[in-house]
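Down below is the structure, laid out as structure tokens.
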Amino acid sequence: MVEMASGKKNLELQLSKISDFENPDVRYEQYMTSAEVASTLVHMADMNGDIEGKIVVDLGAGTGMLAIGSALRNAKLVIGVERDENALSIAKKNARLIAPDTELSWVLADVECIPIEIGGDMQITGVMNPPFGAQRSNKHADRIFLEKMSEIASVSYSMHNQSSVEFIETFVEAKGGFISHSYSSVMILKKSQEFHSQSKKELQMEVHRIVWK
Ligand code: SAH
């Protein structure tokens with residue numbers, strides 16, 4: 001028990017060195033997951049046997065938080081997919097600094113058209129903190145990310161707006177999968193845009209482990 005806790009703390013300490021977005025793009029909902037929230041997710045996934053020795057795909061990898069966390073927990077290979085090249089270049093620097101001896105590949109692409117051929121019986125674990133669709137016009141922006149996960153992953157871990165639990169459940173069931181467990185989490189968002197009125201905001205989230213096939 002003590003060992004497990006210190007393992008998570010150690011991961012959090014390493015992930016706290018990850019650099020954030022330089023000029024977050026509000027259209028893409030670029031918010032870095034905190035080291036605390038990311039280490040909890042990756043640690044839990046690892047305890048469930050879904051990281052070590054597995055191929056892990058991070059959709060919307062940003063500056064690498066979840067991808068690098070998975071690599072540090074001895075994934076066989078981690079592939080981070082991100083469409084913003086500035087974010088990706090920070091992710092690469094972060095990886096060189098924090099996880100130099102791991103197998104990490106970065107793919108500059110939109111998740112809608114990932115140029116990755118996924119072999120038939122390959123077991124892939126997905127991790128993601130997708131755009132939540134915070135703006136009304138952008139509601140359920142996480143749909144396309146879930147759609148992709150359902151195609152490539154056998155199991156995935158993802159964070160969502162607490163209010164979208166029903167939407168996620170319905171979506172996953174329609175794909176023949178199920179949510180095996182969930183937990184609530186809080187993320188503190190720092191002011192990153194001029195139009196944000198508060199300097200900090202608490203975001204209530206739900207983290208789901210989804211079994212797709
Ligand atoms: N996974 C990172 C970043 C989360 S923010 C972390 O946990 O810290 C969401 C990321 O998804 C942003 O970096 C954004 O640029 C990326 N993104 C949004 N829409 C995308 C799309 N259609 N294809 C690929 N990346 C996308």
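Along the sequence shown, residues are numbered consecutively beginning with 1. Numbering of ligands and ligand atoms starts at 1, following listing order. Below, each value reflects all heavy atoms present in this structure, side chains not excepted, and no hydrogens, waters or symmetry copies.
Protein heavy atom in closest approach to atom 26 (C) of ligand 1: F145 CZ, 3.7 Å. D110 OD1, 3.0 Å is the protein heavy atom nearest to atom 22 (N) of ligand 1. The shortest contact between atom 9 (C) of ligand 1 and any protein heavy atom is with N129 O, 3.5 Å. Atom 11 (O) of ligand 1 has G60 CA, 3.4 Å as its closest protein atom, hydrogens excluded (heavy atom only).
Criterion: ILVMFWY side-chain heavy atoms under 4.5 Å apart, direct or through other members. Under it, L11 and Y183 are part of a common hydrophobic cluster.
Contact annotation for A61 and ligand 1: only backbone heavy atoms (N, CA, C, O) come within less than 4.0 Å of the ligand. Contact annotation: for P130 versus ligand 1, there are no heavy atoms closer than 4.0 Å. For F132, no heavy-atom contact with ligand 1 is shorter than 4.0 Å.
Checking R83, M32, M128 against atom 20 (C) of ligand 1, the nearest heavy atom belongs to R83. Distances from atom 23 (N) of ligand 1 to the heavy atoms of N86, L108, V111 put V111 nearest. Looking at T33, D25, I68 and measuring to atom 8 (O) of ligand 1, the nearest heavy atom belongs to T33.
Polar contact check, Y28 against ligand 1: no nitrogen or oxygen pair lies under 3.5 Å apart. In terms of polar-atom proximity, E82 is counted as a contact of ligand 1, with an N or O under 3.5 Å from an N or O of the ligand. Below 3.5 Å of separation, one finds an N or O of Q30 facing an N or O of ligand 1. Note: no N/O pair closer than 3.5 Å links F21 and ligand 1 by distance alone.
For ligand 1, the atoms sitting less than 4.0 Å from at least one non-hydrogen atom of E29 are 5 (S), 9 (C), numbered in the order shown with element in parentheses. Near P131, with a cut-off below 4.0 Å to any heavy atom, the atoms of ligand 1 are 18 (C), 19 (N). Of all atoms in ligand 1, listed by their number and element, those nearer than 4.0 Å to a heavy atom of A109 are 23 (N), 24 (C).
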Checklist line | Audit row: M149, L59, side chain to side chain contact (heavy atoms under 4.5 Å, CB included) steps and yes/no | finding: CA-CA 8 Å; M149 273 305 179; L59 296 183; 3.9 Å; yes
Note to self: Walk me through whether L15 and E36 qualify under side chain to side chain contact (heavy atoms under 4.5 Å, CB included).
What the structure shows: CA-CA 8 Å; L15 294 182; E36 194 199 343; over 6 Å; no
Next item on the list: Given side chain to side chain contact (heavy atoms under 4.5 Å, CB included), test N48 with H181 step by step and report yes or no.
Entry: CA-CA 11 Å; N48 286 331; H181 37 280; 3.3 Å; yes
Note to self: Would D20 and Y31 count as a side chain to side chain contact (heavy atoms under 4.5 Å, CB included) here? Give the steps.
What the structure shows: CA-CA 8 Å; D20 202 347; Y31 292 107; over 6 Å; no
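With S154 contributing its side chain and I124 its backbone, the two residues share a donor-acceptor pair below 3.5 Å. Between the S164 side chain and the H160 main chain, no donor and acceptor come within less than 3.5 Å of each other.
The shell of residues lying under 4.0 angstrom from ligand 1, judged by heavy atoms, excludes E112. For the pair G64 and ligand 1, no heavy-atom separation below 4.0 Å is found.
For the pair V56 and L77, the minimum side-chain heavy-atom distance is 4.5 Å or more. Using a 4.5 Å cut-off on side-chain heavy atoms (C-beta onward), I144 and L146 make no contact.
Residue Q162 qualifies as enclosed at atom CD: its count of foreign heavy atoms under 6.0 Å is above 12. In E22, the CD atom is not crowded: 12 or fewer heavy atoms of neighbouring residues, nucleotides or ligands sit closer than 6.0 Å.
Ring geometry, F171 versus W212: the interplanar angle exceeds 60°, so the pair is classed perpendicular (tilted spans 30 to 60°).
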